[in-house]
Engineer: 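Take a look at this one; I'll ask things after.
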Amino acid sequence: MKNEPVYTQLKPNIYEINNQYFYSEKVHTYLIVLDDKVLLFDIPTYSKEIKDFITSFEKPAYAIISHGSCGISDGTEWQKEIGLKVYAHKADTNHPWLRMKPDVFFTEMSEFGKNIEVIHTPGHSAGAVCILEKSSKSLFTGDTFYGNKNGEIRDFNKENPADYENPSDRIESCKKLLNYDFEDVYPFHYEIIDKGGKEKLTEYLKDK
């Protein structure tokens, strides 16, 4: 949509960057405002308007890639233009769709403050991660799981897995996420789930 604003504020410290597409499909990328930095979960396409938005907080900018294919080539432009420091899980070092060079490949992540927890959720890729923003009970899931238009969990078991994907690991990662306290689900593909995300994931996993 041509008149879509650059961003939508989802919560006091959480924003969605609008008008994002991945191979012509609309997707979601997010910005979380922390005490001393801004944190992107997945990398938006480069534009002056988005640059102005990110830099308006006057804080250093960091990004975590939810899985290798979200390491788009625009990440290199962001690194150059605003000094964006990009993190990806080490298990996705050789992901076939990784189009940029992250600054840090990690296995354990602990430097984004007390309200951010990075959770390794292999399955959609070996290095897939989710992040939990604890204060708002917001879970950012990348493509680990996502909603459908009915507000339920989209059944990814009915999708054809990519060569780099392990469906059984993905189910186990979703079960692992039930150990965390979350309500809202903010994915990369498909639909956001407002409220009740943990209960809906529990229901989806009942017979799996």
Side-chain angles (χ1 to χ4, degrees), residues 1-11 14-32 39-51 53-54 63-78 84 86-89 91-92 94-100 102 119 121-131 138-167 169-171 173-174 177 182 184-194 197 200-201 204:
M1 294 175 61
K2 290 183 179 179
N3 295 323
E4 190 172 26
V6 173
Y7 64 86
T8 298
Q9 188 169 16
L10 302 173
K11 294 188 177 177
I14 296 173
Y15 299 82
E16 178 175 359
I17 298 175
N18 294 325
N19 202 31
Q20 297 299 299
Y21 292 87
F22 188 79
Y23 288 90
S24 300
E25 289 187 3
K26 193 166 186 178
V27 294
H28 310 275
T29 63
Y30 306 95
L31 182 146
I32 305 168
L39 175 62
L40 293 166
F41 192 56
D42 291 326
I43 296 173
T45 53
Y46 183 85
S47 73
K48 181 183 182 304
E49 292 77 16
I50 297 175
K51 177 183 174 182
F53 169 59
I54 294 171
I64 298 174
I65 297 172
S66 66
H67 57 292
S69 56
C70 287
I72 62 173
S73 58
D74 287 39
T76 302
E77 189 78 3
W78 287 116
L84 182 69
V86 179
Y87 289 72
H89 195 279
D92 273 355
N94 297 314
H95 193 288
W97 287 16
L98 186 61
R99 299 290 186 258
M100 61 166 298
I119 307 162
T121 52
H124 183 62
S125 74
V129 297
C130 299
I131 62 173
S138 300
L139 184 67
F140 299 83
T141 60
D143 280 342
T144 297
F145 76 95
Y146 23 60
N148 61 26
K149 291 183 179 180
N150 296 321
E152 305 298 328
I153 305 299
R154 180 182 166 99
D155 190 359
F156 53 78
N157 273 337
K158 294 180 179 178
E159 301 169 0
N160 291 324
D163 291 341
Y164 53 78
E165 189 170 8
N166 186 315
D169 282 354
R170 193 173 176 185
I171 289 290
S173 288
C174 287
L177 289 170
F182 65 92
D184 303 315
V185 174
Y186 297 115
F188 180 66
H189 273 107
Y190 305 112
E191 305 298 326
I192 289 171
I193 299 173
D194 292 320
K200 290 172 182 177
L201 183 60
Y204 172 74

Engineer: Residues two or more places apart in sequence or in another chain: which of them pass side chain to side chain donor-acceptor pair (under 3.5 Å) with Glu152?
Structural biologist: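 Result, side chain to side chain donor-acceptor pair (under 3.5 Å) vs Glu152: none returned.
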Engineer: Which pair of heavy atoms, one from Pro44 and one from Asp74, lies closest together, and at what distance?
Structural biologist: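 In terms of heavy atoms, the two residues are closest at O-CB, 4.0 Å.
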Engineer: Any side-chain heavy atom of Leu139 within less than 4.5 Å of one from Phe145?
Structural biologist: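 A side-chain contact under 4.5 Å exists here.
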Engineer: Quick one: side chain to side chain contact (heavy atoms under 4.5 Å, CB included) partners of Val27, sequence neighbours excluded?
Structural biologist: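 Here the qualifying residues are Gln20, Phe22, Phe188, His189.
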Engineer: Output the distance between atom CD (Glu191) and atom CD1 (Ile193), rounded to the nearest 0.5 Å.
Structural biologist: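 Going from the CD atom of Glu191 to the CD1 atom of Ile193 covers 9.5 Å.
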Engineer: Are more than 12 heavy atoms from other residues, nucleotides or ligands located less than 6.0 Å from atom OH of Tyr7?
Structural biologist: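 Count not over threshold, so no.
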Engineer: Check whether any side-chain heavy atom of Ile54 lies under 4.5 Å from a side-chain heavy atom of Leu40, and answer yes or no.
Structural biologist: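 Counting from C-beta outward, Ile54 and Leu40 do come under 4.5 Å.
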Engineer: State, yes or no, whether a side-chain contact exists between Thr144 and Cys174 at a heavy-atom distance under 4.5 Å.
Structural biologist: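 Contact flag for Thr144/Cys174 side chains = yes.
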Engineer: I'd like to check Ile64 versus Phe140 (side-chain heavy atoms, cut-off strictly below 4.5 Å). Are they in contact?
Structural biologist: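 Not touching, per the 4.5 Å side-chain cut-off.
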Engineer: Under the side-chain hydrogen bond (donor to acceptor under 3.5 Å, both in side chains) test against Ser66, which residue among Thr29, Asp42, Asp143 passes?
Structural biologist: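 Answer after filtering Thr29, Asp42, Asp143: Asp42.
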Engineer: Would you compute the distance between atom CD of Glu16 and atom OG1 of Thr8 and round it to the nearest 0.5 angstrom?
Structural biologist: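 With rounding to 0.5 Å, CD (Glu16) is 6.0 Å from OG1 (Thr8).
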Engineer: State yes or no: are the ring centers of Phe41 and Tyr186 separated by less than 6.0 Å?
Structural biologist: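 Centroid separation for Phe41 and Tyr186: 6.0 Å or greater.
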Engineer: Would a line drawn from the ring center of His95 to the ring center of Tyr164 be shorter than 6.0 Å?
Structural biologist: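 Centroid separation for His95 and Tyr164: below 6.0 Å.
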Engineer: Can you measure from OH (Tyr87) to CD1 (Ile131) and round to the nearest 0.5 angstrom?
Structural biologist: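 The OH atom of Tyr87 sits 13.0 Å away from the CD1 atom of Ile131.
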Engineer: So, for Tyr21 and Ser24, which heavy atoms are closest and what is the spacing to 0.1 Å?
Structural biologist: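 That would be CD2-O, 3.9 Å.
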Engineer: Looking only at non-hydrogen atoms, find the nearest pair between Val6 and Glu49 and report the distance.
Structural biologist: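 What the structure gives for the nearest pair is CG2-CB, 3.7 Å.
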Engineer: Is His28 reaching over with its side chain to a backbone N or O of Tyr190, donor-acceptor style, under 3.5 angstrom?
Structural biologist: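 Present.
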Engineer: Assign the ring pair Phe156 / Tyr204 to parallel, tilted or perpendicular, where the plane angle (0 to 90°) is split at 30° and 60°.
Structural biologist: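 Rings of Phe156 and Tyr204: tilted, as their planes differ by 30° to 60°.
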Engineer: Judged by atom type as modelled, is there a donor-acceptor pair below 3.5 Å linking the side chain of Ser173 to the main-chain atoms of Pro122?
Structural biologist: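 Confirmed, Ser173 side chain pairs with Pro122 backbone.
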Engineer: Which atom names give the shortest non-hydrogen contact between Gly68 and Ser125, and what distance separates them?
Structural biologist: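 Nearest pair, atom of Gly68 first, then Ser125: N-OG, 4.1 Å.
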Engineer: For Glu165, check side chain to side chain contact (heavy atoms under 4.5 Å, CB included) against everything at least two apart and list the hits.
Structural biologist: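 Glu165 satisfies side chain to side chain contact (heavy atoms under 4.5 Å, CB included) with His124, Pro161, Ala162, Arg170 only.
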Engineer: Considering non-hydrogen atoms only, spot the tightest contact between Asn148 and Ile153 and give its length.
Structural biologist: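 Heavy atoms only, the tightest pair is ND2-O, 3.8 Å.
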Engineer: If I compare all heavy atoms of Leu177 with all of Cys130, which pair ends up nearest, and what's the gap?
Structural biologist: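 Answer, listing the atom of Leu177 first, then Cys130: CD1-SG, 4.0 Å.
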Engineer: Do the side chains of Ile192 and Asp184 get nearer than 4.5 Å, heavy atoms only?
Structural biologist: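 Not in contact.
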Engineer: Let me confirm one number: the NZ-CG distance from Lys51 to Leu84, rounded to the nearest 0.5 Å.
Structural biologist: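 One gets 12.5 Å once the value is rounded to the nearest 0.5 Å.
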Engineer: Looking at side-chain heavy atoms only, is the closest gap between Ile50 and Trp78 below 4.5 Å?
Structural biologist: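 Side chain of Ile50 against side chain of Trp78, heavy atoms only: contact under 4.5 Å found.
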Engineer: How long is the straight-line distance from OG of Ser138 back to CG of Asp194, given to the nearest 0.5 Å?
Structural biologist: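 That separation rounds to 9.5 Å.
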Engineer: Any non-hydrogen side-chain atom of Thr141 less than 4.5 Å from a side-chain atom of Thr121?
Structural biologist: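 No. Closest side-chain heavy atoms not under 4.5 Å.
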Engineer: So, do Asp92 and Trp97 sit near enough that their side-chain heavy atoms are less than 4.5 Å apart?
Structural biologist: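 Side chain of Asp92 against side chain of Trp97, heavy atoms only: no contact under 4.5 Å found.
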Engineer: Rounded to the nearest 0.5 Å, what's the gap from CD1 on Ile171 to CG on Asn157? Could you check?
Structural biologist: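 So the CD1 of Ile171 and the CG of Asn157 are separated by 4.5 Å.
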